[in-house]
Structures are given as C-alpha cells and as structure tokens.
Chemist: 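Here it is: the structure, laid out below.
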Amino acid sequence: MPRSTLTSEQIVEAAVELLDAEGLEGLNMRALGRRLGSAATAVYWHVGSKDNLVALAADRAWNEVPRPDPAEVGWRAAAATMATELHAMLTRHSWLVQAFGSLPMFGPGKARHDDHILAVYEAAGFPGAQADQAAATVFTFVLGNALGTAATAALTRKLDRDGGDGEQVLSDSMDRAAEVARQFPRLRVRLDRATAADYGAAPEHTFEFGLHAVLDGLAARLAALSSS
C-alpha cells in the first residue's frame with residue numbers, strides 16, 4: 001500500500017493484529033509493512049517510531065473498555081463492568097501487559113478510561129485521594145489476574161521461536177511440577193481431583209470471586225465513612 005494511501009488508523013489496526021499474534025517481541029516495522037503491503041519507511045513516516053506505535057495500539061485497546069454511567073447502573077455495577085471488561089481486554093491483548101513494564105502508557109483512550117473510573121468511585125462516595133486509591137486497588141487486582149495469561153503467551157511464543165513446540169514444552173513442565181506438588185498433602189488432594197495440566201491454574205470463577213471480594217471491601221469502607 002503506497003504511503004499516500006496508507007493511513008495511521010490502518011497501521012494501528014494492523015499493529016494490534018500483529019501484536020496479538022506475535023507479542024511485543026514480534027512487532028517490527030518490516031513485518032508490519034509486509035502485512036500492509038507497504039515499505040517499512042512508509043510506516044515510520046506515519047507513526048514515527050516503534051514505541052510510539054505501541055502507544056497508539058495500546059490506546060486503541062483502552063477504547064474497547066466500556067464506560068457505564070454510575071448514575072444509571074449504580075457505582076458498584078459500573079465498577080464491576082469496567083473491571084471485568086478491562087480484564088477481558090488485557091486477556092485479548094496480552095502484549096499490553098508486557099508493555100506496562102517496558103514502555104510508557106499514554107493517550108486519550110487511557111486518559112478517558114482513567115477519568116471515568118475516578119468518576120465512578122467519586123459517585124460511590126469516596127472523597128479526594130480515596131477515589132484514586134479505590135481505582136488503583138481494583139486496577140492492581142485486574143492486572144495481577146491478567147499476568148498469568150500474558151506470561152504463558154509470551155513464554156509459548158519464545159519456546160516456539162527457539163525451535164520447539166511451546167505448548168508441548170509447557171505441558172511437559174506442568175507434568176514435572178505436578179510430580180513435585182504431589183509430595184505435599186493439600187496439593188496432592190487437589191491434583192487427585194484434576195489433571196497435571198490444571199496444576200497452578202486458578203479454579204473456575206476465581207476472577208469473579210476476587211473482584212466481588214475487593215468490591216465488598218470498598219463497600220464496607222464506604223459504610224464506615226458514612227457512619228463516622
């Protein structure tokens with residue numbers, strides 16, 4: 001695609017697709033140019049640098065998280081929806097979890113999300129900095145739950161690039177981990193109920209359980225604030 005007809009929006013969309021498939025380590029302007037049928041120089045002309053392109057792709061991903069109105073659905077429903085959808089977005093785009101530790105995250109999409117989530121906790125009744133603390137607490141919980149998926153995806157890609165079968169190597173590793181775990185009584189009981197592949201995996205609905213526990217804690221703090 002010639003530079004004159006290539007748009008930033010097309011580049012960012014293709015970058016997201018490439019990042020989803022190959023992770024941060026698989027993104028380069030040459031590969032992106034091939035995907036777009038264009039020269040790498042044309043991609044650079046539109047986005048400036050790889051880091052800037054990742055920031056643009058990340059901001060596009062942040063726009064996927066809905067922003068329900070707490071005045072219509074209530075603060076807790078709005079907070080739960082945003083946290084659940086953020087977790088789903090980070091799972092779809094696991095490279096974004098990688099990017100948090102290596103690149104600055106900025107842009108109107110993320111700013112719009114951050115501004116709205118503060119409005120949710122302010123609507124709940126958290127004053128001043130406590131709204132920021134509530135938002136940060138939930139975000140940290142969501143990010144922590146997304147780390148496992150991102151780490152598994154990154155490791156599988158690395159093993160594949162190194163010439164092996166990433167999924168098979170991980171499966172073999174889990175078998176060995178399960179053998180070690182069987183030496184310990186509580187882990188042995190749990191493994192007897194599942195397969196080796198399930199060792200280390202959280203039980204079903206663990207994210208929902210944890211999110212409701214966090215929101216229960218925030219609701220309790222609100223009750224304490226109102227009674228003080």
Side-chain angles (χ1 to χ4, degrees), residues 19-25 61 64-65 74-102 105 117 120-121 124 126 130 132-225:
L19 285 162
D20 287 348
E22 303 293 340
L24 283 180
E25 63 277 10
E64 296 176 12
V65 182
W75 78 267
R76 181 159 178 158
T81 294
M82 292 187 72
T84 301
E85 293 296 333
L86 175 60
H87 182 261
M89 183 273 281
L90 292 174
T91 301
R92 286 193 302 273
H93 308 303
S94 60
W95 52 270
L96 186 52
V97 178
Q98 291 179 280
F100 279 119
S102 57
M105 293 288 102
I117 197 63
V120 169
Y121 291 110
F126 286 103
Q130 289 192 30
D132 299 69
Q133 291 169 335
T137 297
V138 175
F139 174 75
T140 302
F141 168 77
V142 173
L143 181 60
N145 274 267
L147 282 174
T149 300
T152 299
L155 180 57
T156 301
R157 288 192 300 265
K158 179 182 182 300
L159 294 170
D160 286 341
R161 287 197 308 274
D162 290 345
D165 182 335
E167 291 187 1
Q168 185 60 52
V169 172
L170 285 178
S171 177
D172 293 343
S173 296
M174 294 311 299
D175 287 342
R176 293 193 295 273
E179 291 175 8
V180 175
R182 286 187 181 280
Q183 301 172 41
F184 300 89
R186 292 170 186 81
L187 297 178
R188 183 169 60 250
V189 168
R190 283 158 176 77
L191 280 167
D192 287 343
R193 299 176 189 155
T195 65
D198 295 322
Y199 175 61
E204 190 177 5
H205 304 305
T206 293
F207 174 78
E208 293 84 353
F209 176 91
L211 177 59
H212 285 298
V214 172
L215 294 177
D216 284 345
L218 293 177
R221 290 192 66 86
L222 280 173
L225 282 172

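Positions are given from 1, in the same order as the sequence printed here. Note that the structure is a prediction, hence the values are computed from the model and not measured.
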Chemist: Start with the C-alpha distance between H87 and N145, add both sets of side-chain angles, then the distance that settles side-chain contact (heavy atoms from CB on, under 4.5 Å), and finish with yes or no.
Modeler: CA-CA 8 Å; H87 182 261; N145 274 267; 3.8 Å; yes
Chemist: Kindly indicate, with the supporting measurements, whether the criterion side-chain contact (heavy atoms from CB on, under 4.5 Å) is fulfilled by F139 and I117.
Modeler: CA-CA 10 Å; F139 174 75; I117 197 63; over 6 Å; no
Chemist: Apply the test side-chain contact (heavy atoms from CB on, under 4.5 Å) to residues E208 and T84: give CA-CA distance (whole Å), side-chain angles for both, the deciding distance (0.1 Å), then the verdict.
Modeler: CA-CA 8 Å; E208 293 84 353; T84 301; over 6 Å; no
Chemist: With no hydrogens and no angle check, do the side chains of D20 and H93 hold a donor and an acceptor under 3.5 Å apart?
Modeler: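 A donor-acceptor contact under 3.5 Å links the two side chains.
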Chemist: Just verifying a value: how many Å separate M89 CE and R92 CZ, rounded to the nearest 0.5 Å?
Modeler: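 Here the interatomic distance stands at 7.5 Å.
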Chemist: Is the ring pair W75/F126 parallel, tilted or perpendicular, if the boundaries are 30 and 60 degrees?
Modeler: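 It falls in the perpendicular class, over 60°.
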Chemist: Please collect all salt bridge (charged side-chain N to carboxylate O under 4.0 Å, His left out) contacts where either partner lies in residues 140-154, sequence neighbours excluded, each pair once.
Modeler: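 Qualifying pairs, neighbours excluded: none.
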Chemist: Rounded to the nearest 0.5 Å, what separates atom CD in E64 from atom CG in L90?
Modeler: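 It is 10.0 Å, given to the nearest 0.5 Å.
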Chemist: Filter on salt bridge (charged side-chain N to carboxylate O under 4.0 Å, His left out), then keep only pairs touching residues 75-87, sequence neighbours left out; what's left?
Modeler: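 Residue pairs passing salt bridge (charged side-chain N to carboxylate O under 4.0 Å, His left out), neighbours aside: R76-D216.
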Chemist: To the closest 0.5 Å, what do you measure between OG1 (T137) and OH (Y121)?
Modeler: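 Answer rounded to 0.5 Å: 8.5 Å.
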Chemist: Can you see which heavy atom on A153 is nearest to which on S94, and at what distance?
Modeler: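 Scanning both residues, the minimum pair turns out to be CB-OG, 3.8 Å.
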Chemist: Where is the tightest heavy-atom contact between V65 and M82, given as atom of each residue plus distance?
Modeler: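 Shortest heavy-atom separation between V65 and M82 comes out as CG1-O, 3.8 Å.
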Chemist: Only one of L96, T149, V97 forms a side chain to side chain contact (heavy atoms under 4.5 Å, CB included) with T91, so which one is it?
Modeler: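 It is T149; the other options fail the test.
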Chemist: Let me confirm one number: the CD-CG distance from E25 to L19, rounded to the nearest 0.5 Å.
Modeler: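 Here the rounded value is 9.0 Å.
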Chemist: Considering all heavy atoms of both residues, which atom of L187 and which atom of A181 are nearest to each other, and what is their separation?
Modeler: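 Smallest interatomic distance, heavy atoms only, reads CB-O, 3.5 Å.
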Chemist: Looking at G217, is its backbone amide N or carbonyl O close enough to the side chain of R221 to form a donor-acceptor pair, meaning the two atoms are under 3.5 Å apart?
Modeler: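 Absent.
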Chemist: Would you compute the distance between atom CH2 of W95 and atom CZ of F100 and round it to the nearest 0.5 angstrom?
Modeler: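 Reported to 0.5 Å precision, the distance equals 9.5 Å.
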Chemist: Of all heavy-atom pairs between A83 and V138, which one has the smallest distance, and what is that distance?
Modeler: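 Minimum heavy-atom separation between A83 and V138: CB-CG1, 3.8 Å.
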Chemist: Give, for atom NE2 of H205 and atom CG of L211, the distance between the pair rounded to the nearest 0.5 Å.
Modeler: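 These two atoms lie 14.0 Å from each other.
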Chemist: Check the pair F141, L215 against side-chain contact (heavy atoms from CB on, under 4.5 Å), reporting the backbone distance first and the verdict last.
Modeler: CA-CA 11 Å; F141 168 77; L215 294 177; over 6 Å; no
